[in-house]
K.L.:
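My questions will all concern the structure given below.
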Amino acid sequence: MFLALGKRVAVSAARARAVSAVRVTKMALTQISSAKCFEGYQKVYEHDSLELKCKMRFGIYLPPKAERVKCPVLYWLSGLTCTEQNFITKAGSQQAAAEHGIIIVAPDTSPRGCNIQGEDDSWDFGTGAGFYVNATEDPWKTNYKMYTYITEESLITSGQSVSALAPICNPVQCPWGQKAFTGYLGSDKSKWEAYDATCLVKTYSGPLLDILIDQGKDDQFLAAGQLLPDSFITACTDKKIPVVFRLQEGYDHGYYFIETFITDHIKHHAKYLNA
């Protein structure tokens, strides 16, 4: 579960059409819901995705400040089984976002309703488990283009602060990642590394990063060897990339854990977004 820094855009909470400012291309947005929250608005929109070739939904929180000035955008990328709803209803992020004047966009985690054989057979592959990759294997490659959907259709253009809560840090080495990458990308493991944070950081040469990770010590998936944060920390240390890793006693993998620490993560990004 990752938060990534986006760009500043002007969005009016009072006018739905202004939300198109966070998109790369002009597209028809249908407002599904809108609720006032901490003097801002939590909205959900639906649109036809050019990349995924299906209807997609995303949540967007518009802080009260967005009615007056340009505000920075933070992207929340949810984990397995989630839709755009999980974060916006369970994480309790809106109060801190309102306080710091930050827009939060919460996309879905996979294409929906593509009628691909097997897409609903398991919870960790297919529907709800797009893994943010561009699939190259049949029958997934037509619709499962989540990397491009997030980075181009959703307009993430820059990033210098990164944070994560209980992330899959080294998917090429864990059962979840190996299953997903084999299915989406094929058996050539060299192609997997482009979607693995630990592999990427080993060759990273971009702008200085400031990374914050919280991990529940009692997370059942940590114990099962699915998350592998030590691999990522070692790679960051070798590259002298700053990373703060906090192992939180007594917390598991659920949204009560996320709700407890989400304000810290928004503050972490606000240092840069509001600089």
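The chain is numbered in sequence order, starting from 1.
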K.L.:
Nearest 0.5 angstrom please: F87 CZ to L165 CG, how far?
P.N.:
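It comes to 9.0 Å.
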K.L.:
What is the distance from atom CD1 of I103 to atom CG of L74, rounded to the nearest 0.5 Å?
P.N.:
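Going from the CD1 atom of I103 to the CG atom of L74 covers 10.5 Å.
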K.L.:
How many angstroms lie between CZ in F58 and CD1 in I88, if you round to the nearest 0.5 Å?
P.N.:
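Going from the CZ atom of F58 to the CD1 atom of I88 covers 11.0 Å.
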K.L.:
What about the rings of W176 and F125, do their centers lie closer together than 6.0 Å?
P.N.:
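No - the distance between ring centres of W176 and F125 does not fall below the 6.0 Å cut-off.
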K.L.:
Can Y184 and Y144 be said to form a ring-ring contact (aromatic ring centres under 6.0 Å, His included), step by step?
P.N.:
CA-CA 8 Å; Y184 293 137; Y144 277 66; 5.5 Å; yes
K.L.:
Between CG of D214 and OG1 of T260, what distance do you get to the nearest 0.5 Å?
P.N.:
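Reported to 0.5 Å precision, the distance equals 9.5 Å.
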K.L.:
Do the charged groups of E46 and R57 touch, with an N to O distance under 4.0 Å?
P.N.:
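Here E46 pairs with R57 in a salt bridge, since their nearest N and O are under 4.0 Å apart.
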K.L.:
Salt-bridged, K202 to D238, with N to O below 4.0 Å?
P.N.:
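Looking at D238 together with K202, the answer is no, because their closest N to O distance does not fall below 4.0 Å.
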K.L.:
Going by an N to O cut-off under 4.0 Å, is there a salt bridge joining D252 and K217?
P.N.:
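No, this pair does not count.
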K.L.:
Kindly indicate whether the side chain of I104, heavy atoms from C-beta on, has any atom under 4.5 Å from the side chain of I60.
P.N.:
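Result no, sub-4.5 Å side-chain heavy-atom pair not found.
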K.L.:
Would you say F181 and V133 make side-chain contact, with heavy atoms under 4.5 Å?
P.N.:
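When only atoms from C-beta onward are counted, V133 and F181 do touch, with a gap below 4.5 Å.
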K.L.:
Ignoring hydrogens and geometry beyond distance, is a side-chain donor-acceptor pair present between Y45 and Q31 at under 3.5 Å?
P.N.:
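Y45 vs Q31: donor-acceptor pair found between side chains.
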K.L.:
May I ask you to check whether D210 and Y272 show a side-chain donor-acceptor distance below 3.5 Å?
P.N.:
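Looking only at side-chain atoms, Y272 and D210 do form a donor-acceptor pair, the distance falling under 3.5 Å.
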K.L.:
Would K43 and Y41 count as a cation-pi pair here, with the cationic atom under 6.0 angstrom from the ring centre and within 45° of the axis?
P.N.:
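So K43 does make the cation-pi contact.
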K.L.:
In Å and rounded to the nearest 0.5 Å, what is the CG to NE2 distance from L212 to H269?
P.N.:
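Rounded to the nearest 0.5 Å, the CG-NE2 separation comes out at 7.5 Å.
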